[in-house]
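In what follows, a single structure is set out as structure tokens and then discussed.
These values consider heavy atoms only, across backbone and side chains, with no hydrogens, waters or symmetry-generated copies.
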Amino acid sequence: MDEQALLGLNPNADSDFRQRALAYFEQLKISPDAWQVCAEALAQRTYSDDHIKFFCFQVLEHQVKYKYSELTTVQQQLIRETLISWLQAQMLSLQPEKTFIRNKAAQVFALLFVTEYLTKWPKFFFDILSVVDLNPRGIDLYLRILMAIDSELVDRDVVHTSEEARRNTLIKDTMREQCIPNLVESWYQILQNYQYTNSEVTCQCLEVVGAYVSWIDLSLIANDRFINMLLGHMSIEVLREEACDCLFEIVNKGMDPVDKMKLVESLCQVLQTAGFFSIDQEEDVDFLARFSKLVNGMGQSLIVSWTKLIKSGDIKNAQEALQAIETKVALMLQLLIHEDDDISSNIIGFCYDYLHILKQLTVLSDQQKANVEAIMLAVMKKLTYDEEYNFENEGEDEAMFVEYRKQLKLLLDRLAQVSPELLLASVRRVFSSTLQNWQTTRFMEVEVAIRLLYMLAEALPVSHGAHFSGDVSKASALQDMMRTLVTSGVSSYQHTSVTLEFFETVVRYEKFFTVEPQHIPNVLMAFLDHRGLRHSSAKVRSRTAYLFSRFVKSLNKQMNPFIEDILNRIQDLLALSPPENGYQSLLSSDDQLFIYETAGVLIVNSEYSADRKQALMRNLLTPLMEKFKVLLEKLMLAQDEERQASLADCLNHAVGFASRTSKAFSNKQTVKQCGCSEVYLDCLQTFLPALSCPLQKDILRSGVRTFLHRMIICLEEEVLPFIPSASEHMLKDCEAKDLQEFIPLINQITAKFKIQVSPFLQQMFMPLLRAIFEVLLRPAEENDQSAALEKQMLRRSYFAFLQTVTGSGMSEVIANQGAENVEQVLVTVIQGAVDYPDPIAQKTCFIILSKLVELWGGKDGPVGFADFVYKHIVPACFLAPLKQTFDLADAQTVLALSECAVTLKTIHLKRGPECVQYLQQEYLPSLQVAPEIIQEFCQALQQPDAKVFKNYLKVFFQRAKP
């Protein structure tokens with residue numbers, strides 16, 4: 001072996017050595033006999049370096065996994081012997097191998113097992129057991145091999161081909177017949193021999209039992225001798241977690257509902273007698289988390305049994321199952337309320353399913369009602385933040401608590417389905433008592449009280465948030481709580497979690513303010529002062545900016561009396577903060593977008609006259625325009641790239657803010673009706689010069705482009721005079737990405753204004769195409785993935801543009817470009833349909849071709865087009881699907897084929913019998929298609945139902961491809 005290359009296997013080796021080692025590994029994988037060198041090195045223990053041993057196993061693994069069938073019988077025998085002699089050597093060596101080597105060896109054994117067990121090595125386990133005997137080092141490897149085999153055969157995360165899946169099923173069936181009882185016996189012996197002397201091996205063995213139980217005969221494990229031993233392990237500290245998991249797997253095994261019930265009940269009886277149900281006596285939280293998972297498994301198994309028995313009509317046994325479930329509820333509640341969230345989280349499934357049973361019962365007993373209430377109180381208690389929660393810097397623990405809260409929310413929703421009245425009454429009780437004394441109550445209790453009110457909105461569903469109409473008692477309870485929330489002064493509580501919960505809840509129940517509008521001013525003040533948009537925490541300010549815009553939007557009818565006051569109060573929050581003044585604005589630019597949108601909504605939806613609306617909108621947008629002009633001049637003069645970037649950012653924000661105000665307009669309240677056209681046209685005139693700025697092109701163009709998209713919607717034809725010069729600037733020295741983003745703008749204009757923009761389109765059509773072709777023809781590095789992807793996306797955009805032009809009835813735009821240019825365009829469409837393996841673009845190309853045939857393919861079409869149809873379009877419909885890259889199993893490709901069928905149908909529609917004659921006598925014979933198939937093809941093409949031909953065409957090409 002190349003000793004120099006092997007040095008690179010050491011993790012501390014420098015990168016050159018490591019590269020060399022990787023290259024050497026690739027070389028050995030390809031080499032037909034290098035594996036023999038590795039096999040010999042392992043069998044004779046040539047190397048002592050762990051990384052080299054691991055490397056040798058990797059080479060063997062590759063051989064067994066990918067090239068085994070190429071080996072001779074003798075060579076295959078050599079691999080078997082190598083592994084067995086390596087295993088024998090482990091029994092004698094003074095020091096065990098490192099864990100990572102043992103695991104890799106086990107993987108190679110497992111791969112060899114799935115390859116050979118059914119054919120050449122039926123005595124695999126017998127051979128291994130005869131080598132390892134009861135040697136603890138050998139047993140460790142035997143158990144690792146068993147785990148590796150289980151993961152090869154049943155691991156859900158490994159994707160298997162259908163062939164491998166069939167093979168695995170056959171292996172499991174054969175193992176069940178031939179060797180599983182012996183394996184189970186070996187596990188029992190291992191557990192019995194090592195339970196008190198070698199906890200590591202015992203835990204490994206318990207893990208194996210837990211893994212195999214899911215697919216072997218359960219009676220081999222669920223019997224007195226095994227269960228008693230496992231229960232004994234539950235009392236041994238170092239074994240009990242694994243024993244717990246093993247019992248969980250046994251309980252989880254699918255079986256007859258009555259048998260399952262008996263199994264669970266007998267287990268519970270023993271566990272209870274042994275004192276495991278006394279949770280408060282147990283201090284080891286890691287064990288309790290596993291125990292909680294076991295109880296959850298037992299509870300859910302009983303519920304599955306109950307469901308099956310009810311379905312089959314076995315009422316007597318169903319009643320027994322329900323009784324068994326009820327006796328576990330007290331234990332479930334103890335675990336649910338446990339202060340450790342992992343323990344609590346593990347039992348939620350049982351809890352959720354138990355509530356689902358109660359939901360199905362017509363009448364609840366007093367005990368069941370008490371259980372529902374106990375679960376409710378547990379959920380309310382567990383929703384509460386603890387002292388350690390870090391609100392300013394949320395890490396992994398905080399993220400886990402947020403996830404846990406989501407689980408509790410599902411429980412709360414389920415409680416609402418079982419007993420909505422009880423939930424409402426409980427929340428009301430907690431809410432009212434907490435808010436009465438909020439000044440002296442800890443933040444987490446205040447937060448959870450408001451949070452519960454917030455959660456009721458989803459737990460008690462209504463359509464369109466109509467919580468304050470309909471059911472009178474519910475409406476008045478919610479109305480009372482909302483009134484308390486907004487009048488208690490709790491919005492001044494000095495903790496971010498309470499403040500945020502207050503605003504979230506106010507917005508969630510915005511319909512309350514249509515019933516009691518007198519509270520709107522107080523809530524608006526909370527949004528606008530130090531409690532909301534001016535809070536000391538950036539997180540609160542940011543979230544409030546979003547919530548404020550939602551609040552104003554949903555209550556715009558009630559906002560009229562406050563508009564001017566709000567606009568005055570948010571004036572300073574609208575300031576564009578330029579990079580040079582070092583002033584740290586209260587809101588980020590993303591947050592400011594919401595404030596601008598809110599200002600727009602207030603003005604547009606006000607009851608003011610059009611003149612007043614225009615004046616207010618001008619007040620809002622003029623400072624942006626003035627700042628924009630000044631900053632653009634500064635950018636032109638800026639030398640330092642960092643400064644250029646920050647100025648361009650600021651300019652981009654200005655355009656973004658102006659764009660965002662326009663979101664307030666609607667079909668009812670158009671820009672014209674509000675008298676605001678002039679203001680936005682002024683904005684356009686102010687922003688467009690940025691397109692000719694040579695610095696920071698990407699960011700400036702992208703902002704102005706977005707603004708133009710908005711203005712096309714808002715200003716309609718008033719925007720048209722600005723489009724030609726804007727387009728001219730945007731087509732100057734562009735990159736693929738610029739064009740790709742510019743084309744949707746032209747598509748939007750074309751689709752919206754159609755014939756109105758025909759002169760403009762005719763004028764810019766070829767300049768745009770030249771810019772596209774120039775970028776597409778630029779040479780790029782062969783393996784430059786991102787350049788290739790950019791070109792592919794640009795090609796798609798180009799075809800989408802042609803599709804928009806032809807689909808908007810504007811084919812004259814193409815026709816008027818002069819014969820040479822028209823031909824060039826048509827040829828690119830044919831290339832797009834045939835040459836590039838991109839089904840999305842191919843589909844678009846066939847749509848364009850069928851549209852052009854529909855428009856120009858008749859007798860009065862442009863001169864020469866009929867020739868083009870037969871010379872290029874018809875062949876394209878065959879050459880594209882015949883390509884190897886045209887994958888008929890791919891959904892996008894099938895859509896492309898469908899459009900190809902439409903193209904052929906359209907040609908037949910336009911050219912009639914002449915088309916059929918051409919296919920029959922000239923084109924299809926030239927492809928060596930058999931006469932009877934030609935006949936069949938032409939008959940399918942002439943069918944009136946297009947779907948028949950589409951289906952036929954798929955079959956035609958499936959047969960034609962090798």
* Asked: With sequence neighbours left out, which residue pairs that include part of residues 123-152 fulfil the ring pair (Phe, Tyr, Trp, His ring centres under 6.0 Å) condition?
  -> Phe113-Phe124, Phe113-Phe125, Trp121-Phe124
* **All pairs passing salt bridge (Lys or Arg N to Asp or Glu O under 4.0 Å) where residues 111-138 contributes a residue, at least two apart** => Arg80-Glu116
Pairs of donor and acceptor atoms involving the side chains of residues 331-339, under 3.5 Å and at least two apart or interchain, shall be tabulated with distances.
from	atom 1	to	atom 2	distance (Å)
His338	ND1	Asp340	N	3.0

* **pair Phe287-Met234: side-chain heavy atoms closer than 4.5 Å** => yes
* To do: Give me the ring orientation class for Phe57 and Trp86: parallel if the planes are under 30° apart, tilted from 30 to 60°, perpendicular past 60°.
  => perpendicular
* For residues 321-330, which residue pairs qualify under side chain to side chain donor-acceptor pair (under 3.5 Å), counting only residues two or more places apart or in two chains? -> Glu265-Lys328, Glu326-Tyr354, Glu326-Gln368, Glu326-Asn371
* Minimal non-hydrogen separation, Leu118 against Leu170, with atom names -> CD1-CD2, 3.9 Å
* To do: With sequence neighbours excluded, tell me which residues meet side chain to side chain donor-acceptor pair (under 3.5 Å) with Thr893.
  => Asp890
* Search all heavy atoms of Val418 against all heavy atoms of Leu355 and return the closest pair with its distance. => CG2-O, 3.3 Å
* Stepwise, does the side chain to side chain contact (heavy atoms under 4.5 Å, CB included) test hold for Ile216 with Met175? -> CA-CA 9 Å; Ile216 65 174; Met175 282 176 72; over 6 Å; no
* **Heavy-atom pair of closest approach, residues Cys205 and Leu143** => N-CD1, 3.7 Å
* To do: Examine Arg167 relative to Tyr117 and say whether NZ or CZ is less than 6.0 Å from the centre of the six-membered ring and inside a 45° cone about the ring axis.
  => no
* **Minimum heavy-atom distance Phe100-Asp50, with the two atoms named** => CZ-CB, 3.8 Å
* Might you work through the side chain to side chain contact (heavy atoms under 4.5 Å, CB included) test for Leu383 and Lys409, ending with a clear yes or no? => CA-CA 9 Å; Leu383 275 168; Lys409 180 199 171 299; 5.9 Å; no
* Asked: Is there side-chain contact between Val209 and Tyr188, with heavy atoms separated by less than 4.5 Å?
  -> no
* Compare every heavy atom of Met91 with every heavy atom of Asn135, then report the nearest pair and how far apart it is. => ND2-O, 3.6 Å
* Taking all atoms of both residues into account, what is the closest heavy-atom pair of Ile343 and Leu288, and its distance? -> CD1-CB, 3.4 Å
* Asked: How would you list, by chain and number, every residue that makes a side chain to side chain donor-acceptor pair (under 3.5 Å) with Glu421, sequence neighbours excluded?
  -> none
* Where at least one partner belongs to residues 308-324, residue pairs that pass salt bridge (Lys or Arg N to Asp or Glu O under 4.0 Å), sequence neighbours excluded -> Lys316-Glu320
* Asked: Under a 4.5 Å cut-off applied to non-hydrogen side-chain atoms, are Ile250 and Ile227 in contact?
  -> yes
* To do: Output, in order, the C-alpha distance, side-chain angles, deciding distance and verdict of side chain to side chain contact (heavy atoms under 4.5 Å, CB included) for Val258 and Ser305.
  => CA-CA 7 Å; Val258 177; Ser305 292; over 6 Å; no
* Structure fact -> Quick note, salt bridge (Lys or Arg N to Asp or Glu O under 4.0 Å) partners involving residues 168-185, not counting sequence neighbours, are Asp173-Arg176, Glu185-Arg225
* Asked: Is any side-chain heavy atom of Ile375 closer than 4.5 Å to a side-chain heavy atom of Cys351?
  -> yes
* **side chain to side chain donor-acceptor pair (under 3.5 Å) contacts in which one or both residues fall within residues 291-303, not counting sequence neighbours** => Asn296-Gln300, Gln300-Asp353
* Decide yes or no on side chain to side chain contact (heavy atoms under 4.5 Å, CB included) for Leu141 and Ile128, but give the supporting numbers first. => CA-CA 10 Å; Leu141 282 159; Ile128 284 178; over 6 Å; no
* **Sequence-distant partners of Asp155, side chain to side chain donor-acceptor pair (under 3.5 Å), two or more places apart** => none
* Would you mind listing every salt bridge (Lys or Arg N to Asp or Glu O under 4.0 Å) that reaches into residues 194-212, with sequence neighbours excluded? => none
* To do: Kindly state each residue pair satisfying side chain to side chain donor-acceptor pair (under 3.5 Å) with at least one member in residues 242-261, sequence neighbours excluded.
  => Asp245-Arg290
* Asked: Do Glu403 and Lys406 sit within salt-bridge range, that is, some charged N less than 4.0 Å from a carboxylate O?
  -> yes
* Asked: Is the number of heavy atoms from other residues, nucleotides or ligands within 6.0 Å of CD (Glu283) greater than 12?
  -> no
